[in-house]
Amino acid sequence: MTYKSIAVDGPSGAGKSTLAKMLAEALGYLYVDTGAIYRTVGLSACRRGVDPGDGAAVVPMLAGLDIDLRHGEDGLQHMYLDGEDVTDEIRRPEISKYASAVSALPQVRAFLMDMQRELARRQNVIMDGRDIGTVVLPGADVKIFLTAAPEDRAKRRYAELLQRGHGGDYETVLRDIIQRDENDTRRAAAPLRQAEDALLVDTTGKSLEESFDVLLNTIKERLDP
């Protein structure tokens, strides 16, 4: 059986995870949040006191890394580190910086590549991240590059943090978003960029429902031309 894959790439805070989850439910696909996987590696580095930007320190850590991705009864993706559900903890603002740093290391990306591709080999998936359409699933049936103005993305991320009880302030979140964009687009290993055959969707000023409708209609058109 041939399975379908949908790649959703874009900068931090563009709404990839929320929209991809909604799309997966509507289409009956498995949702895979690859950013959460990198955040889990970042959390491990944080807990071990490892400099996330130091490849010589991070690479030896990978051999003993126990990371698991499971979908719970709630239908959502849960991340486990050493058997512990860390789904909420990996969303802390400081872990975002660790995730950005470890994801820039080629060895980390290679380590996680097989895990991500194997999921797409076994079922229909919608996968979001930074380099899904360009590196992880270059042959994806549908590719979308989702973006929005930094200010819009910061507002969404700030609201998400408040909802999770993490606190913080908007200006700090905005600065982190801008810094993350710079790190992700300038890194040597699989930098953030739009695949040539990806559809650009800008959600600036759009409601969640409006963005969802545009994406769902686009995907259906491309899957059934």
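Every heavy atom of this structure was used, including side-chain atoms; hydrogens, water molecules and symmetry mates were not. Keep in mind it's a predicted model, so treat the numbers as computed, not measured.
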Counting distance only, does the side-chain N/O of [X] pair as donor-acceptor with the main-chain N or O of [Y] below 3.5 Å?
X: Ser100; Y: Ser96; result: no
X: Asp66; Y: Leu81; result: no
X: Glu210; Y: Ser207; result: yes
X: Asp131; Y: Thr134; result: no
X: Glu94; Y: Tyr98; result: no
X: Thr204; Y: Ala149; result: yes
X: Arg117; Y: Leu137; result: no
X: Asn183; Y: Ala101; result: no
X: Arg153; Y: Ala148; result: yes
X: Thr203; Y: Lys206; result: no

(request) Mind running side-chain contact (heavy atoms from CB on, under 4.5 Å) on Leu27 and Ile219 for me, showing each step along the way? (result) CA-CA 10 Å; Leu27 295 165; Ile219 289 170; 4.0 Å; yes
Atom pair [atom1] ([X]) and [atom2] ([Y]), whose distance is rounded to the nearest 0.5 Å:
X: Arg175; Y: Ile177; atom1: CZ; atom2: CD1; answer: 12.5 Å
X: Leu112; Y: Gln107; atom1: CG; atom2: CD; answer: 12.0 Å
X: Arg39; Y: Lys97; atom1: CZ; atom2: NZ; answer: 12.0 Å

Same cluster (ILVMFWY, side-chain, under 4.5 Å), [X] and [Y]:
X: Leu223; Y: Ile144; answer: yes
X: Val135; Y: Val102; answer: yes
X: Leu174; Y: Ile95; answer: no
X: Leu162; Y: Leu208; answer: no
X: Phe145; Y: Val142; answer: no

Hey, can you pull the donor-acceptor pairs under 3.5 Å for the side chains in residues 18-25, sequence neighbours left out?
none

(request) Give the C-alpha distance, both sets of side-chain angles, the deciding distance and a yes or no for side-chain contact (heavy atoms from CB on, under 4.5 Å) between Val50 and Asp54. (result) CA-CA 8 Å; Val50 171; Asp54 182 0; 5.9 Å; no
Min side-chain heavy-atom separation [X]-[Y] under 4.5 Å:
X: Pro93; Y: Leu161; result: yes
X: Leu199; Y: Lys143; result: no
X: Met127; Y: Ser5; result: no
X: Val58; Y: Val108; result: yes
X: Glu151; Y: Tyr170; result: yes
X: Met79; Y: Ile90; result: yes
X: Thr34; Y: Val32; result: yes

Shortest non-hydrogen separation from [X] to [Y] and the atoms involved:
X: Ile132; Y: Asp9; value: N-OD1, 2.7 Å
X: Ile37; Y: Met115; value: CD1-SD, 3.9 Å
X: Gln123; Y: Leu30; value: CD-CD2, 3.4 Å
X: Tyr29; Y: Lys4; value: OH-CB, 3.2 Å
X: Arg122; Y: Tyr3; value: O-CZ, 3.5 Å
X: Asp181; Y: Thr185; value: O-OG1, 2.8 Å

Using distance alone, with no hydrogens and no angle criterion, decide if [X] and [Y] have a side-chain donor and acceptor under 3.5 Å apart.
X: Thr172; Y: Asp169; result: yes
X: Tyr31; Y: Asp128; result: yes
X: Arg48; Y: Ser44; result: yes
X: Arg187; Y: Ser103; result: yes

(message) Please determine whether the number of non-hydrogen atoms from other residues, nucleotides or ligands lying under 6.0 Å from atom CZ of Arg121 exceeds 12.
(response) yes
(message) Does Glu118 have more than 12 heavy atoms from other residues, nucleotides or ligands lying within 6.0 Å of its CD?
(response) yes
(request) Answer yes when Glu160 and Arg164 have at least one side-chain N-carboxylate O distance shorter than 4.0 Å, and no when they do not. (result) yes
(request) Using a strict 4.0 Å threshold on nitrogen-to-oxygen distance, state whether Glu84 and Arg47 make a salt bridge. (result) yes
(request) Mark yes or no: Arg70 above the aromatic ring of Tyr80, with NZ or CZ under 6.0 Å from the six-membered ring centre and no more than 45 degrees from the axis. (result) yes
(message) Just to verify, what does Asp213 make a side chain to side chain contact (heavy atoms under 4.5 Å, CB included) with, not counting sequence neighbours?
(response) none
(request) Please name the residue in the list Arg91, Arg130, Lys16 that meets the salt bridge (charged side-chain N to carboxylate O under 4.0 Å, His left out) test with Asp33. (result) Arg91
(request) Could you point out which residue of Leu146, Ile6, Val8 forms a side chain to side chain contact (heavy atoms under 4.5 Å, CB included) with Leu215? (result) Leu146
(request) Evaluate the criterion side-chain contact (heavy atoms from CB on, under 4.5 Å) for residue pair Val41 and Met61; output intermediate values, then yes/no. (result) CA-CA 9 Å; Val41 177; Met61 180 187 84; 4.0 Å; yes
